[in-house]
Chemist: 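Pasting a structure here, questions to come.
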Amino acid sequence: MARPSLRTRSPEEQAARSARIRASWLLSTPALILLTFAAFGPLLIVLAYSFVAPGEYSGVVWELSGQGWFEVLFTRDIFDDTVSLAQAHLSIFWRSASLSLLTTLITLIFGFPTAYFIATRPERQRPLWLFLITIPFWTNLLIRTFAIMEVIRNEGIVNTVLLNLGIIDQPLQMLYTYGSVLLGMAYVYLPLMVLPIYASMERFDFRLVEAGYDLYASRLDILRLIVLPIVKPGIVAGSILVFVPSLGAYVTPRVLGGGNNMMLGNLIELQFGQGRNWPLGAALSITLLIIVACALVFYVRAANREDPHG
């Protein structure tokens with residue numbers, strides 16, 4: 001039997017329904033207040049800091065100013081006040097974006113076959129493989145980063161083995177390079193790519209693959225036309241989970257990159273610390289938030305876009 005519409009309900013029923021709605025809102029009020037102050041409160045403070053003047057030694061002066069936003073992309077010469085692009089900031093923006101995209105791509109290249117391997121194991125073995133994938137999460141990020149540093153430093157495992165085998169005459173400089181930061185970030189965020197793809201593949205009907213082989217489809221065609229469209233939500237979710245934290249990474253670039261491969265997170269910390277330019281740090285933080293929001297919108301639209309071959 002269909003439920004009566006609002007027009008056919010009696011005044012008593014409408015009053016009771018309004019009372020239930022008010023009660024539900026009252027019950028959720030504490031959580032909404034906590035969410036407002038814990039999530040939006042700090043964000044509003046940072047946003048306010050980005051529109052005031054920097055203090056002489058640190059902090060801010062509560063005078064309306066757009067200097068912080070101006071210094072995100074431009075710099076002013078201290079001698080003749082000429083304005084030019086902030087090349088250092090632009091290079092850091094580019095390094096952060098390129099490292100995040102490459103990290104996402106590398107984790108996808110290694111994470112997809114890993115998830116496929118786990119999904120094709122017998123059902124009783126899958127928890128063991130998932131357990132092995134999630135073990136790194138049991139260790140602090142800083143400890144994992146130092147573990148990578150012990151592997152690739154001049155006296156580390158890789159150089160020691162190569163020297164003992166006579167392959168090289170002197171240690172390879174792998175630490176404090178672009179590649180070392182990329183390696184560390186790919187290692188740190190790889191499980192975040194594997195798990196969403198596995199969640200999509202776990203529900204995948206592999207009889208479709210057998211049907212594709214029966215129709216003389218090649219492995220590439222099966223991957224492109226059958227597997228990828230079905231597990232696409234997992235790929236998109238994994239890409240979001242990897243790209244977003246990579247863009248604002250701080251620990252891994254700081255430890256493995258030294259001062260030669262600064263990223264946005266390190267630049268923001270520098271402005272709030274040694275730089276003593278809180279408005280610029282706040283403006284950079286909001287800029288990072290905008291970039292992340294744009295990336296999320298792009299990924300969501302890519303996930304919802306219909307397949308042109310469908």
Chemist: If you group Ile, Leu, Val, Met, Phe, Trp and Tyr by side-chain heavy-atom gaps below 4.5 Å, do Val83 and Leu90 land in one group?
Modeler: yes

Chemist: Using 30° and 60° as the class boundaries, would you call the ring planes of Phe131 and Trp138 parallel, tilted or perpendicular?
Modeler: perpendicular

Chemist: Spell out, as yes or no, whether a donor-acceptor pair under 3.5 Å connects the side chain of Asn164 to the backbone of Thr160.
Modeler: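 Present.
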
Chemist: Under 6.0 Å from the CZ atom of Phe204, do we count more than 12 heavy atoms belonging to anything else shown?
Modeler: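 Check passes, neighbour count above 12.
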
Chemist: Following the transitive rule for hydrophobic clusters with a side-chain heavy-atom cut-off under 4.5 Å over Ile, Leu, Val, Met, Phe, Trp and Tyr, establish whether Ile148 and Ile135 coincide in one cluster.
Modeler: yes

Chemist: Within the distance-only criterion (no hydrogens, no angle test), does the side chain of Arg153 pair as donor or acceptor with the backbone N or O of Leu175 below 3.5 angstrom?
Modeler: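 No, the answer is negative, given that no donor and acceptor are paired below the 3.5 Å cut-off.
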
Chemist: To the closest 0.5 Å, what do you measure between OG1 (Thr120) and CD (Gln125)?
Modeler: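 One finds 10.0 Å between OG1 of Thr120 and CD of Gln125.
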
Chemist: Are side-chain heavy atoms of Val52 and Val61 found at a separation under 4.5 Å?
Modeler: no

Chemist: Working to the nearest 0.5 angstrom, can you tell me the gap between Ser246 OG and Leu264 CG?
Modeler: 12.5 Å

Chemist: Determine yes or no for a side-chain-to-main-chain donor-acceptor pair under 3.5 angstrom, with Arg95 supplying the side chain and Asn261 the backbone.
Modeler: no

Chemist: Report, as yes or no, whether the 6.0 Å neighbourhood of atom CG on Asn140 holds more than 12 heavy atoms from other residues, nucleotides or ligands.
Modeler: yes

Chemist: Please check: side-chain N/O of Ser180 versus main-chain N/O of Leu256, any donor-acceptor pairing under 3.5 Å?
Modeler: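 Checked: pair present.
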
Chemist: I would like to know whether Met185 and Met263 meet side-chain contact (heavy atoms from CB on, under 4.5 Å); could you show each step before the answer?
Modeler: CA-CA 12 Å; Met185 292 175 61; Met263 293 182 62; 4.0 Å; yes

Chemist: Is a side-chain N or O of Asn277 found less than 3.5 angstrom from the main chain of Gln271, in a donor-acceptor match?
Modeler: no

Chemist: Between Phe51 and Pro279, is any pair of side-chain heavy atoms under 4.5 Å apart?
Modeler: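 Side chain of Phe51 against side chain of Pro279, heavy atoms only: no contact under 4.5 Å found.
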
Chemist: To the nearest 0.5 angstrom, please state how far the OG atom of Ser98 sits from the CG atom of Leu101.
Modeler: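 Rounded to the nearest 0.5 Å, the OG-CG separation comes to 7.5 Å.
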
Chemist: Just by distance, do the side chain of Thr29 and the backbone of Trp25 share a donor-acceptor pair under 3.5 Å?
Modeler: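 Between the backbone of Trp25 and the side chain of Thr29 there is a qualifying donor-acceptor contact (under 3.5 Å).
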
Chemist: Evaluate the side-chain proximity of Leu108 to Ile197: yes if any heavy-atom separation is below 4.5 Å, no if none is.
Modeler: yes

Chemist: Looking at every heavy atom in both Pro245 and Ile240, which two are closest together, and how far apart are they?
Modeler: CD-O, 4.0 Å

Chemist: Given Tyr49, which partner from the list Val60, Leu280, Leu44 fulfils the side-chain contact (heavy atoms from CB on, under 4.5 Å) test?
Modeler: Val60

Chemist: Describe, in one word, how the ring planes of Phe117 and Trp129 are oriented to each other, choosing from parallel (under 30°), tilted (30 to 60°) and perpendicular (over 60°).
Modeler: perpendicular

Chemist: Do Val151 and Phe146 come within less than 4.5 Å of each other through their side chains, counting heavy atoms only?
Modeler: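 Side-chain contact under 4.5 Å: no.
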
Chemist: Supply the atom-to-atom distance Thr107 OG1 to Tyr187 OH, rounded to the nearest 0.5 angstrom.
Modeler: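 These two atoms lie 14.5 Å from each other.
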
Chemist: Are Val158 and Leu165 grouped together when hydrophobic residues (ILVMFWY) are joined by side-chain heavy atoms under 4.5 angstrom apart?
Modeler: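 Yes: a chain of side-chain contacts under 4.5 Å links Val158 to Leu165.
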
Chemist: Under 3.5 Å, which donor-acceptor pairs do the side chains of residues 284-295 form with other protein atoms, sequence neighbours left out?
Modeler:
unit_1, atom_1, unit_2, atom_2, d
Ser285, OG, Gly281, O, 2.8
Thr287, OG1, Ala283, O, 2.7

Chemist: Give the minimum heavy-atom separation between Met174 and Thr177, together with the two atoms involved.
Modeler: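 For Met174 versus Thr177, the nearest heavy atoms are O-OG1, 2.7 Å.
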
Chemist: What's the verdict on side-chain contact (heavy atoms from CB on, under 4.5 Å) for Tyr178 and Leu183, showing C-alpha distance, side-chain angles and the deciding distance?
Modeler: CA-CA 9 Å; Tyr178 187 95; Leu183 173 64; over 6 Å; no

Chemist: Nearest heavy-atom pair of Ala119 and Arg126: which atoms, and what distance?
Modeler: O-NH2, 3.1 Å

Chemist: Do the side-chain N and O atoms of Tyr189 and Thr104 include a donor-acceptor pair separated by under 3.5 angstrom?
Modeler: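 Not at all, the side chains of Tyr189 and Thr104 share no donor-acceptor pair under 3.5 Å.
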
Chemist: What closest approach, in Å, do Pro54 and Gln67 show between heavy atoms, and which atom pair accounts for it?
Modeler: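 Nearest pair, atom of Pro54 first, then Gln67: CD-OE1, 3.7 Å.
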
Chemist: Does atom CZ (Arg121) have a neighbourhood of more than 12 heavy atoms from anything else shown, all under 6.0 Å?
Modeler: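 Check passes, neighbour count above 12.
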
Chemist: Can any side-chain N or O of Asn159 pair as donor or acceptor with the backbone N or O of Leu172 at less than 3.5 Å?
Modeler: yes

Chemist: Quick check on the hydrophobic clustering: are Leu47 and Phe40 connected, directly or via other members, by side-chain heavy-atom contacts under 4.5 Å?
Modeler: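 Hydrophobic grouping puts Leu47 apart from Phe40.
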
Chemist: Side-chain contact, heavy-atom cut-off 4.5 Å: Leu34 with Pro30?
Modeler: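 No - every pair of side-chain heavy atoms lies 4.5 Å or more apart.
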
Chemist: Determine whether Ile157 and Ile152 fall in the same hydrophobic cluster, where Ile, Leu, Val, Met, Phe, Trp and Tyr are linked whenever their side-chain heavy atoms lie under 4.5 Å apart.
Modeler: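 Yes, because Ile157 and Ile152 connect within a single hydrophobic cluster, where side-chain heavy atoms sit under 4.5 Å apart.
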
Chemist: Can you check whether Val231 reaches Tyr116 side chain to side chain, under 4.5 Å on heavy atoms?
Modeler: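 Counting from C-beta outward, Val231 and Tyr116 never come under 4.5 Å.
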
Chemist: At what distance, to the nearest 0.5 angstrom, does CG of Leu99 lie from CG of Leu247?
Modeler: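 If we round to the nearest 0.5 Å, Leu99:CG and Leu247:CG are 10.0 Å apart.
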
Chemist: Just by modelled atom types, is the Val72 backbone N or O under 3.5 Å from a matching donor or acceptor in the His89 side chain?
Modeler: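 Pair found, side chain donor or acceptor close to backbone of Val72.
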
Chemist: Could you tell me whether the side chain of Ile33 reaches within less than 4.5 Å of the side chain of Thr36, counting heavy atoms only?
Modeler: no

Chemist: Can you see which heavy atom on Pro233 is nearest to which on Ser200, and at what distance?
Modeler: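 So the minimum-distance heavy-atom pair works out to C-OG, 4.2 Å.
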
Chemist: What's the spacing between Ser91 OG and Met262 CE if we round to 0.5 Å?
Modeler: 9.5 Å

Chemist: Do Arg276 side-chain atoms and Phe272 backbone N/O form a donor-acceptor pair below 3.5 Å?
Modeler: no

Chemist: With a 4.5 Å limit on heavy-atom distance, are the side chains of Ser239 and Met193 in contact?
Modeler: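 SC-SC contact between Ser239 and Met193 confirmed.
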
Chemist: Quick one, Tyr176 with Val181, criterion side-chain contact (heavy atoms from CB on, under 4.5 Å). Give me CA distance, side-chain angles, the key distance, then yes/no.
Modeler: CA-CA 7 Å; Tyr176 306 137; Val181 177; over 6 Å; no

Chemist: Where is the tightest heavy-atom contact between Leu192 and Leu241, given as atom of each residue plus distance?
Modeler: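 Heavy atoms of Leu192 and Leu241 come nearest at CD1-O, 3.6 Å.
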
Chemist: Could you please spell out the steps behind the side-chain contact (heavy atoms from CB on, under 4.5 Å) verdict for Ile235 and Leu228?
Modeler: CA-CA 9 Å; Ile235 295 176; Leu228 288 180; 3.8 Å; yes

Chemist: Between Trp69 and Ser50, does any side-chain donor sit less than 3.5 Å from a side-chain acceptor?
Modeler: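 The criterion, which ignores hydrogens and geometry beyond distance, is satisfied for Ser50 and Trp69.
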
